[in-house]
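Take a look at the structure set out below.
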Amino acid sequence: MEQVFAYPAKWWSEAVTVWLVVAVVIYVIVAIPGLYFIMKYRFKPGEREIGDHEKHGHWGLEALWTIVPTIIVLVLATYSFAVFKKQRTAPPDAMTIKVTGFMWGWQTEYLDEKGNTIKTVVTSFNPTSYEVPEDQKIVVPAGKPVKALLTSLDVIHSFYVMPARITEDMVPGRITHLWFQINKPGEYWIFCREFCGTGHSHMFTKLKVVPPEQFALWLKGETNLADKSSQIKGNL
Amino acid sequence: MREAISVPYFGASLKEWLFTTDHKKIGILYLTTSYIFFLVAGLFGLIIRLEQTSPGIQYVQPDFYNYLLTGHGAVLLLWWAIASHIGGFGNFLLPLMIGAKDVAFPRLNALSWWAFFGASVLVLLTLIPGNHIKMMWTGYPPYSTTGDAGVTALYVFIIHLIGVSSIATAVNFITTYIKMRAPGINFWNTNMFVHCLIAANVIQLVGVPSLAGAVTMLLLDKYLGTNFYNPTKGGDPLLYQNVFWFYSHPVVYVQILPVFGFFSELVPTFARRPLFGYKTMIFAVWGITLLSFMVWIHHMFVSGVPDWARVIMSYTTILIAVPTGIKIFNWMGTLHGGAIILRSPMLYALGGIFMFLIGGLTGIPNSMVAIDLGISDSLFIVGHFHYVLGMALTLGLFGAIIYWFPKMTGRMYPEGLGKLSFWLTFIGANLFYFFQMVVGMLGNPRRYPDYPPIPEWVTLHQIQTLGALILGLGVLVFTIGIIKGLLSGEKAPDNPWQSQSLEWRIPSPAPVDNFGEEHPKVEPDYHPYKYGAPPAF
Ligand SMILES: [Cu+2]
């Protein structure tokens, strides 16, 4: 079986494919005849000067192109509803992090089962480059669902986990949530996608996905992950 | 003779323009103002586009970029996409199409215009450094209540003035349609443009107060210390979004419905055949109007509102595809069996319908909440609404400008420039906005002056800039066409397109007193799309 790269990205990509197929089919069904009519029914002096002026409509056709699209869109919406439920419901074994957005950076807290903070990572504003210092990256274990509780200190931000294809706003005074699971270790983008002012386009960080055993060490403060030897050991 | 009084509008004295209550002159005032604002906001857009051509900050600093983006959005939505066809074409065409002398309340109409003019002056004031508004046209709190957002008060007053203007116009137009139709004009032989215009104004009447309320609370919060949206004092920033989008979603139908009207006028005229499914078109228009107030949460699918609200509005949103689909199918049905003349207004109409088809199909993933969670606030949505509100609307308006140019000015728009500008605009826009959707699908957030140097993103941004330059050239050629048409265009006959509709029965340009009497004689079997005879050209 093919290895799934990330959740809920997998379901998201499937939904995008479904939409794309439907859209291309509808496009072809409408655009090709449209172009053909424009070619065929052309005004020609002396030959074809008036259009078909008897036909004002066709109840059968009009009913057809009301009912069939209604069915298609209801099916699409229901399918999307089913996917949405999975996207919004974190698996019970998910670990929890709490991310707080601010102008312009993030504070990530790792919580234990009781909700106490074990470790905190702060990503600070970097207006000039898209590099993230090693100790400011958000680290999560590979292959394990992560539930992120989101809020903001000042204005509305959002938390877009690019590899997981999931976004949720960070609203001051509220706690919102999303969950994701990345199965392949590596570094991935996180962006703020809700407009938040001057530094908006530099409100980003890297999500560092590491093997679980290495993550456990990192959480306990026994590795800073920068050391290459510990990474190799972790991969073994 | 009636021709004697058909002096072109630019022949009227300045005093006449300043004190006019004539619906045609007011229409032209709106249209001219909107067009100039469209050019400026378009230029803003071009700078925004150039800045994104490569990663890093090249031409404008983020704060100025944010101002350009705010101005681009607000001006194109409120001036180009509303004022030009409600205030502009609506004013010019409504009385002519229903056979009336003027609108119901001509002086109220002048008041609408002057309120709109006031808003235009306030927009110009934001050009002064220090007056910049940088909070995007949506003005979400708490950001808009911070110092970083710029002069929120100016924004609020602009919305208030536009709101006064819109409500007065809506009352005026709805009354005009109900009370001032010529005998013989009824619901079932009214032009589609008028149906669309009235539906749009019903939305204005119901929705504008909601927006006005939203921004008034914003003003009180920022300057007088209330806490409607302040979460630290018991307020809720999402309240703003709800009240804001309750109007600002339906407003996209205020913007696009009259354009559907343009398509429905132009396609039968140039296909020389009746509009296919005229009656279902009317139901579709009112169906869209009704649904438009039940979908606003789709702007808030990731805002933290409850999941059930997202699911419900996902269904209502996707249902809008049905009436809009009906309209596209009916235009195709009109082409079938026609005798199609591809003059430049028709090219613009067909191009606009084509853009709208893509715009509609790319709207579906935004309504499917599961997909939207992954593309919300990315450049995908920006590309999508530029297909619909950007280009379907602009192509429709350009087509309408060429089509009614003779009736407004007494001269023809130069056909060659019309065709050239169409192809440039059409190709440029597709190149631009299609690849904007692609880069958005890949994850590129919106409202970013800078972005990480991801190779595919950079390539896609370069293609977009190329498209934008071609698009800009198209708009430039179109504008040259307007100037050339005004100065040296061919003298227009009364009915250059051989239309059956009422407004073409009077001389070009339209005389001051329209039909010369209270109402024109309308034959019992009058219909604006009764194309039964060969055209006389
Ligand atoms: Cu942010």
Side-chain angles (χ1 to χ4, degrees), chain A residues 11-12 15-16 19 23 26-27 30-31 33-34 37-38 41-43 48-53 55-57 61-62 65-66 69-70 73 76-77 80-81 83-84 87-88 130 154-156 158 160 162 165-169 171-174 176 189 191 193-202, chain B residues 62-63 136 140 142-143 146 148 231 236-238 271-274 276-278 280 302-304 307 311 314-315 318-319 321-322 325-326 328-329 332 335-341 350 357 361 364-365 368-371 373-374 376-378 443 445 447-452 531-535:
Chain A
W11 305 315
W12 179 85
V16 170
W19 156 69
I26 296 176
Y27 177 78
V30 179
F37 297 160
I38 295 169
Y41 302 107
R42 200 62 80 77
F43 181 87
R48 187 176 182 85
E49 296 198 339
I50 45 174
D52 185 347
H53 56 277
K55 222 164 50 208
H56 294 255
L61 267 178
E62 289 170 53
W65 63 50
T66 308
T70 308
V73 297
L76 283 178
S80 139
F81 180 19
V83 175
F84 178 70
Q87 284 169 314
R88 295 290 297 159
Y130 280 97
D154 37 48
V155 305
I156 300 175
S158 86
Y160 172 53
M162 192 156 118
R165 302 284 163 186
I166 191 85
T167 326
E168 190 76 8
D169 279 2
V171 186
R174 278 180 191 243
T176 57
W189 290 106
F191 294 111
R193 297 213 293 193
E194 187 63 72
F195 178 73
C196 58
T198 316
H200 175 48
S201 68
H202 276 269
Chain B
D63 270 339
M136 302 298 124
Y140 277 8
Y143 179 70
T146 67
D148 199 55
D236 188 350
L238 291 191
R272 311 305 306 163
R273 118 174 194 63
F276 192 89
Y278 170 78
T280 44
V302 300
S303 68
D307 288 358
V311 170
S314 166
Y315 275 94
I318 207 166
L319 274 175
V322 176
I326 291 173
I328 293 183
F329 289 126
M332 295 298 149
L335 294 176
H336 180 264
I340 299 166
I341 306 166
L350 293 174
L357 174 63
L361 292 170
I364 292 175
M368 292 169 69
V369 59
I371 300 185
L373 294 189
S376 194
D377 292 309
S378 75
R447 295 165 173 168
Y448 266 31
D450 189 9
Y451 54 91
Y531 291 100

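First the proteins, then the strands, lettered A, B, ... as listed; each starts at 1.
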Worksheet item: Top residue by heavy-atom pair count (under 4.5 Å) with chain A, among B:Pro142, B:Ser303, B:Gly337, B:Gly277?
Response: B:Gly337
Worksheet item: Using non-hydrogen atoms only, which part of B:Ile318 is less than 4.5 Å away from chain A: side chain, backbone, both, or neither?
Response: both
Discussion item. Distance check, rounded to the nearest 0.5 Å: B:Ser376 atom OG versus A:Glu168 atom CD?
Written reply: 9.0 Å
Practice prompt. Below 4.5 Å from any heavy atom of chain B, which atoms of A:Thr176 appear? Answer side chain, backbone, both or neither.
Written response: side chain
Practice prompt. Against chain B, label A:Tyr130 side chain, backbone, both or neither, depending on which of its atoms sit under 4.5 Å from a heavy atom there.
Written response: side chain
Item to complete: Please state whether the side chain, the backbone, both or neither of A:Glu62 comes within less than 4.5 Å of a heavy atom of chain B.
Response: side chain
Item to complete: Would you please say whether a donor-acceptor pair under 3.5 Å links the side chains of A:Thr198 and B:Asp63?
Response: yes
Discussion item. Testing the basics here: between A:Ser80 and B:Val369, what is the closest heavy-atom pair and its distance to 0.1 Å?
Written reply: OG-N, 3.2 Å
Worksheet item: When the ring planes of A:Trp65 and B:Phe276 are compared, do they come out parallel, tilted or perpendicular, using 30° and 60° as the limits?
Response: tilted
Discussion item. Is A:Phe191 close to chain B through its backbone or its side chain, or both, or neither, when contacts mean heavy atoms under 4.5 Å?
Written reply: both
Practice prompt. Using non-hydrogen atoms and a 4.5 Å limit, figure out which bit of A:Val171 sits close to chain B: side chain, backbone, both or neither.
Written response: side chain
Worksheet item: In terms of heavy-atom proximity below 4.5 Å to chain A, should B:Ala271 be classed as side chain, backbone, both, or neither?
Response: backbone
Worksheet item: Side chain, backbone, both or neither: which part of A:Tyr160 has an atom under 4.5 Å from a heavy atom of chain B?
Response: side chain
Worksheet item: Which distance, rounded to the nearest 0.5 Å, do you find between the CG of B:Leu238 and the CG of A:Asp169?
Response: 8.0 Å
Discussion item. Taking the side chain as everything from C-beta on, heavy atoms only, tell me whether A:Ser158 gets closer than 4.5 Å to B:Val302.
Written reply: no
Worksheet, complete the sentence: Of all heavy-atom pairs linking B:Leu361 and A:Trp19, the shortest is O-NE1, 2.9 Å
Worksheet item: ring-ring contact (aromatic ring centres under 6.0 Å, His included) between B:Tyr140 and A:Phe195: does it pass, once the steps are laid out?
Response: CA-CA 9 Å; B:Tyr140 277 8; A:Phe195 178 73; 9.7 Å; no
Discussion item. Is B:Pro365 in contact with chain A via its backbone, its side chain, both, or neither, using a 4.5 Å heavy-atom distance?
Written reply: both
Worksheet entry | Derivation of the side-chain contact (heavy atoms from CB on, under 4.5 Å) call for B:Leu350 and A:Ile38 | CA-CA 9 Å; B:Leu350 293 174; A:Ile38 295 169; 3.7 Å; yes
Fill in: Spatial distance of atom CZ (A:Arg165) from atom CD1 (B:Ile371) [nearest 0.5 Å]
12.5 Å
Discussion item. Is A:Trp11 close to chain B through its backbone or its side chain, or both, or neither, when contacts mean heavy atoms under 4.5 Å?
Written reply: neither
Worksheet item: Would A:Ile50 and B:Tyr531 count as a side-chain contact (heavy atoms from CB on, under 4.5 Å) if you check the C-alpha gap in whole Å, the side-chain angles of each, and the deciding distance to 0.1 Å?
Response: CA-CA 7 Å; A:Ile50 45 174; B:Tyr531 291 100; over 6 Å; no
Worksheet item: Where does B:Tyr278 contact chain A at under 4.5 Å (heavy atoms): side chain, backbone, both or neither?
Response: backbone
Item to complete: Any chance you could lay out the side-chain contact (heavy atoms from CB on, under 4.5 Å) test for A:Val30 and B:Phe329, step after step, and finish with the verdict?
Response: CA-CA 8 Å; A:Val30 179; B:Phe329 289 126; 3.6 Å; yes
Response to the item:
Looking only at B:Ala370, B:Pro231, B:Gly325, B:Ser378, the option with the highest number of non-hydrogen pairs under 4.5 Å against chain A is B:Ala370
Discussion item. Using the rule given for side-chain contact (heavy atoms from CB on, under 4.5 Å), can you reason through A:Arg88 versus B:Leu373, listing the C-alpha separation, both sets of side-chain angles and the distance that settles it, and then say yes or no?
Written reply: CA-CA 10 Å; A:Arg88 295 290 297 159; B:Leu373 294 189; 4.2 Å; yes
Worksheet entry | Atom of B:Asp450, atom of A:His202 and distance for their closest heavy-atom approach | OD2-NE2, 2.6 Å
Item to complete: Measure the CZ-CZ distance between A:Arg193 and B:Arg447 for me, rounded to the nearest 0.5 Å.
Response: 12.5 Å
Discussion item. How long is the straight-line distance from CG of B:Asp148 back to NE2 of A:His200, given to the nearest 0.5 Å?
Written reply: 12.5 Å
Fill in: Spacing of CZ belonging to A:Arg174 relative to CG belonging to B:Asp236, to within rounding of 0.5 Å
4.5 Å
Practice prompt. Side chain from CB out, backbone as N, CA, C, O: work out which of these in A:Pro172 comes under 4.5 Å of a heavy atom of chain B, or both, or neither.
Written response: both
Practice prompt. Just give me the residue among A:Trp12, A:Phe81, A:Trp189 that pairs up with chain B most often, heavy atom to heavy atom, under 4.5 Å.
Written response: A:Trp12
Worksheet, complete the sentence: Among A:Phe37, A:Tyr27, A:Tyr41, the residue with the most heavy-atom pairs under 4.5 Å to chain B is A:Tyr41
Worksheet, complete the sentence: Pair count under 4.5 Å, heavy atoms only, with chain B: among A:Ala23, A:Ala77, A:Gly173, highest is A:Ala77
Practice prompt. Examine whether an atom of B:Thr146 lies under 4.5 Å from a heavy atom of chain A, and if so say whether it belongs to the side chain, the backbone or both; otherwise answer neither.
Written response: side chain
